[in-house]
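In what follows, a single structure is set out as structure tokens and then discussed.
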Amino acid sequence: MNVVKIMSIIGMVFFPLCLIFASVFADSDVEAAAGWGVIAALYGIGYSITTFVKTKNLAKSE
């Protein structure tokens with residue numbers, strides 16, 4: 001579960017940063033705001049897959 005802990009810490013910094021950048025660019029550059037949203041979504045998908053695999057392996061070992 002060490003990987004999940006590290007990815008959680010990274011996510012706690014990364015997601016608010018993406019939200020700030022997306023809201024800053026929303027008025028001036030819509031494509032940049034959408035890009036930051038896509039980057040955050042891709043990280044979220046990777047995080048959810050990693051967490052799912054780790055918990056599934058943990059359930060098998062019990």
Side-chain angles (χ1 to χ4, degrees):
M1 295 306 262
N2 199 17
V3 174
V4 175
K5 185 187 287 187
I6 291 170
M7 288 184 77
S8 296
I9 294 169
I10 291 170
M12 286 190 288
V13 174
F14 185 66
F15 283 125
L17 189 65
C18 286
L19 179 66
I20 290 169
F21 281 142
S23 63
V24 165
F25 289 129
D27 291 334
S28 61
D29 191 3
V30 177
E31 291 176 354
W36 279 103
V38 168
I39 290 170
L42 289 175
Y43 185 83
I45 291 169
Y47 176 68
S48 64
I49 291 171
T50 303
T51 304
F52 177 74
V53 170
K54 287 290 188 178
T55 55
K56 190 141 179 103
N57 289 340
L58 185 64
K60 277 185 183 178
S61 65
E62 289 179 351

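What you are looking at is a predicted structure, and each value in this text was computed from that prediction instead of being measured. Throughout, numbering of the chain's residues begins at 1 and tracks the sequence.
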Nearest 0.5 Å, please: how far is CE in Met7 from NZ in Lys54? 10.5 Å
Tyr43 side chain near Ile10 side chain, heavy-atom distance below 4.5 Å: yes
Please report the interatomic distance CD1(Ile39) to CZ(Phe15), rounded to the nearest 0.5 Å. 11.5 Å
Same hydrophobic cluster for Ile6 and Ile9, using side-chain heavy-atom links shorter than 4.5 Å among ILVMFWY? no
Of all the heavy-atom pairs spanning Pro16 and Val13, show the shortest one and how long it is. CD-O, 3.6 Å
Quick check against the 3.5 Å criterion: does Ser48 have a side-chain atom that pairs as donor or acceptor with the backbone of Ile45? yes
Find out whether Phe25 and Val30 are in side-chain contact, i.e. whether some heavy atom of one side chain is under 4.5 Å from a heavy atom of the other. no
When the ring planes of Trp36 and Phe21 are compared, do they come out parallel, tilted or perpendicular, using 30° and 60° as the limits? tilted
